[in-house]
Amino acid sequence: MKLQLSIQFRTDEGEKFFGEGPCRLLSGIRQHGSLRSAAIAMGMSYTKAFHMLKHTEACCGFPLCRRTIGGDGGGGSSLTPEAEDLLTRYEAFRADCSQAAARLYRNRFPEVSPWFPLQPPPKEVPSCDPKS
């Protein structure tokens, strides 16, 4: 048995709008400079990635990407300062939750915990960044 924690942000109506998928998509846009390239890296269609981004933007109430159209260097996307802040805070929150959950898991299920008694829990939680 192992612990797997999932962090999702939902609207007041219970609709999911931010979690691992949007986090990976934004990290991919940051890395690749393009929504299309980020979608391809995730194995996702551009249309699905575009709708995910638009839905998240609508729920957050602010734009997550700046888009540039064509030209000599081609088009591309970059994250807005609000998106960078959202990613930073989400990843920190997820890391805090993972550490707390690992501690609680060891306390409540010591007989099956993969970290008990030989190893301490992991100190870091991977980021959403696809290159990690």
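These numbers were taken from a predicted model, which means no experiment stands behind them.
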Going through the checks in order, is the side-chain contact (heavy atoms from CB on, under 4.5 Å) test met by Leu26 and Phe18? CA-CA 11 Å; Leu26 292 178; Phe18 199 82; 3.8 Å; yes
Run the side-chain contact (heavy atoms from CB on, under 4.5 Å) check on Ser27 and Arg24 step by step: do they pass? CA-CA 5 Å; Ser27 294; Arg24 287 185 54 218; 5.6 Å; no
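A donor-acceptor pair is defined here as one N or O able to donate and one able to accept, closer than 3.5 Å; no such pair exists between the side chain of His51 and the backbone of Tyr46. Between the side chain of Tyr90 and the backbone N or O of Ile7, at least one donor-acceptor pair lies under 3.5 Å. For Ser37 (side chain) and His32 (main-chain N/O), no donor-acceptor pair under 3.5 Å exists by modelled atom type. Of the possible donor and acceptor atoms, none in the side chain of Ser34 sits under 3.5 Å from a partner among the backbone N and O of Ser77. In this structure, Gln8 contributes its side chain and Gly19 its backbone to no donor-acceptor pair below 3.5 Å.
Residues Met44 and Ile40 fall into different hydrophobic clusters, defined by Ile, Leu, Val, Met, Phe, Trp and Tyr side chains chained together at heavy-atom separations under 4.5 Å. Under the 4.5 Å side-chain heavy-atom criterion for ILVMFWY residues, a single connected hydrophobic cluster contains both Leu87 and Phe93.
Within 6.0 Å of atom CZ in Phe62, more than 12 heavy atoms from other residues, nucleotides or ligands are found, so the atom counts as buried in its surroundings.
Using cut-offs of 30° and 60° for the angle between ring planes, the Phe17 and Phe9 rings count as tilted.
Scanning both residues, Gly28 and Ala38, for their nearest heavy atoms gives C-CB, 3.4 Å. Among all heavy-atom pairs drawn from Glu91 and Cys23, the shortest one is OE2-SG, 4.0 Å. Contact detail for Leu64 and Glu57: the closest heavy-atom pair is N-OE2, 2.8 Å. Here the closest non-hydrogen pair linking Leu25 and Ala49 is CD2-O, 3.5 Å.
Put simply, OG1 on Thr56 and CG on Leu86 are 8.5 Å apart, with the number rounded to the nearest 0.5 Å. Atom-to-atom distance recorded for Leu53:CG and Cys65:SG is 4.5 Å, nearest 0.5 angstrom. Asp85 contributes atom CG, which lies 11.5 Å from atom CG of Leu79 (distance to the nearest 0.5 angstrom). In this structure, CZ on Arg36 lies 8.0 Å from OG1 on Thr47, to the nearest 0.5 angstrom. Here Gln99 contributes atom CD and Leu5 contributes atom CG; the two are 11.5 Å apart, rounded to the nearest 0.5 Å. The structure places SG of Cys59 at 13.0 Å from NZ of Lys54, a figure rounded to the nearest 0.5 Å.
Under the 4.5 Å side-chain criterion, counting only non-hydrogen atoms from C-beta, Arg66 is in contact with Pro81. At a threshold of 4.5 Å between non-hydrogen side-chain atoms, the residues Thr80 and Glu84 do not count as touching.
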